[in-house]
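One structure below.
What's counted below: heavy atoms across the whole structure, side chains too, no hydrogens, waters or symmetry copies. No experiment lies behind these values; they were computed from the predicted model shown.
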Amino acid sequence: EQIESGKERLSHKRPVNAYIAYFQAFTNTYAPVDYLRTIFTEAIAHPQVVLLSIATRPDCLQPEIVELLAQLNQIKPVWVELGLQTMHEDTALDIRPCRLRAAGLEVIVHTILGLPGEDQERMFETLHYLNDQDIQGIKLQLLHILKGTDLAVRYAEDPFHVFTMEEYVKLIPACVEILRPDLVIHRLTGDGPKDLLIEPRWSLAKRTVLNSIHREFRLQDTWQGKKYRKKEPPYG
């Protein structure tokens with residue numbers, strides 16, 4: 001029913017014949033493996049679903065779940081999206097994609113730009129770190145402050161800087177040009193729930209933001225990998 005509902009929504013925008021079954025919200029491997037097998041198998045059984053994409057956390061990928069995903073990957077391709085957000089130890093978990101890659105699964109890492117206390121240099125350090133990891137995709141996500149979160153409380157008590165649209169539009173090309181060329185970029189921005197979003201409200205105009213980013217790429221005459229420098233192997 002969810003797949004058919006999604007197809008109906010998309011049918012009004014453009015002709016579509018193939019779909020990704022995307023388990024996005026919350027932690028989509030936080031359940032008994034038998035239950036996960038049921039819902040994932042049902043999703044990929046749809047004849048127009050060509051790929052299964054699962055968003056989860058590194059600490060919710062027990063060996064039996066990785067084994068399940070590897071089995072499903074033999075039927076249709078499986079992507080696993082992990083929320084790294086940043087490589088800095090004060091705010092990050094080690095993504096450790098080795099087990100997923102050993103199982104033949106493609107790994108997509110989710111990063112947040114504009115976390116409190118992180119300047120451009122620290123954000124670039126995260127991207128350089130990911131360049132050296134065995135991952136296949138990346139999502140660049142703007143920090144959102146949402147109602148009902150600890151971050152919202154912190155922002156109300158001691159407001160910190162949140163990107164303006166102009167700052168973010170200039171930052172994205174600078175990020176993309178240092179990413180290694182073979183990484184698939186799955187996202188450049190995001191739009192939080194309208195009724196929950198405190199800041200930045202400008203992110204709700206997603207089409208305007210994306211058009212502005214595309215324009216900035218042309219103005220800066222840059223592209224993915226333009227400033228990528230492959231890490232030299234150690235001597236010895």
**Study point:** K7/E4 ion pair, N-O < 4.0 Å
**Key:** yes
Check your understanding: Is it true that R37 and D34 have a side-chain N and a carboxylate O under 4.0 angstrom from each other?
Key -> yes
Point to revise | Residues forming a side-chain contact (heavy atoms from CB on, under 4.5 Å) with N28, sequence neighbours excluded | key: F23, I54, A55
Review point. Between F160 and Y155, how do the two ring planes meet: parallel, tilted or perpendicular, split at 30° and 60°?
Key: perpendicular
Report yes or no: does [X] contribute a side-chain atom to a donor-acceptor pair with the main-chain N or O of [Y] at less than 3.5 Å?
X	Y	answer
R187	L140	no
R101	L105	yes
E167	T164	yes
R154	P159	no
T189	S203	no
H144	L146	no
Q136	V107	yes
N131	R180	yes

ILVMFWY network linking [X] to [Y], side-chain heavy atoms under 4.5 angstrom:
X	Y	value
I178	V109	yes
V80	V33	yes
W202	L197	no

Please examine the side chains of [Y] and [X], heavy atoms only from C-beta on, and report whether any two atoms are closer than 4.5 Å.
X	Y	answer
L188	L142	no
L36	P32	no
E81	T56	no
P116	L143	yes
Q141	L113	no
I44	F40	no
I135	I108	no
S11	V16	no

Review point. Looking only at heavy atoms, what is the nearest atom pair of P173 and T222, with distance?
Key: CB-CG2, 3.8 Å
Exercise for review: Work out which heavy atom in C60 is nearest to a heavy atom in Y30; give both atom names and the distance.
Suggested key: SG-CD1, 3.9 Å
Quick one: do the [X] and [Y] side chains pair a donor with an acceptor below 3.5 Å?
X	Y	result
T126	R122	no
Y228	E177	no
H12	E8	yes

Review point. Can you list the residues that meet the ring-ring contact (aromatic ring centres under 6.0 Å, His included) rule with H186, with sequence neighbours excluded?
Key: W79
Practice item. Please report the C-alpha distance between S5 and I3 in whole Å, then the side-chain angles of each, then the deciding distance to 0.1 Å, and finally whether the side-chain contact (heavy atoms from CB on, under 4.5 Å) criterion is met. Key: CA-CA 5 Å; S5 175; I3 291 173; over 6 Å; no
Check your understanding: What's the verdict on side-chain contact (heavy atoms from CB on, under 4.5 Å) for Y22 and L52, showing C-alpha distance, side-chain angles and the deciding distance?
Key -> CA-CA 6 Å; Y22 186 14; L52 176 66; over 6 Å; no
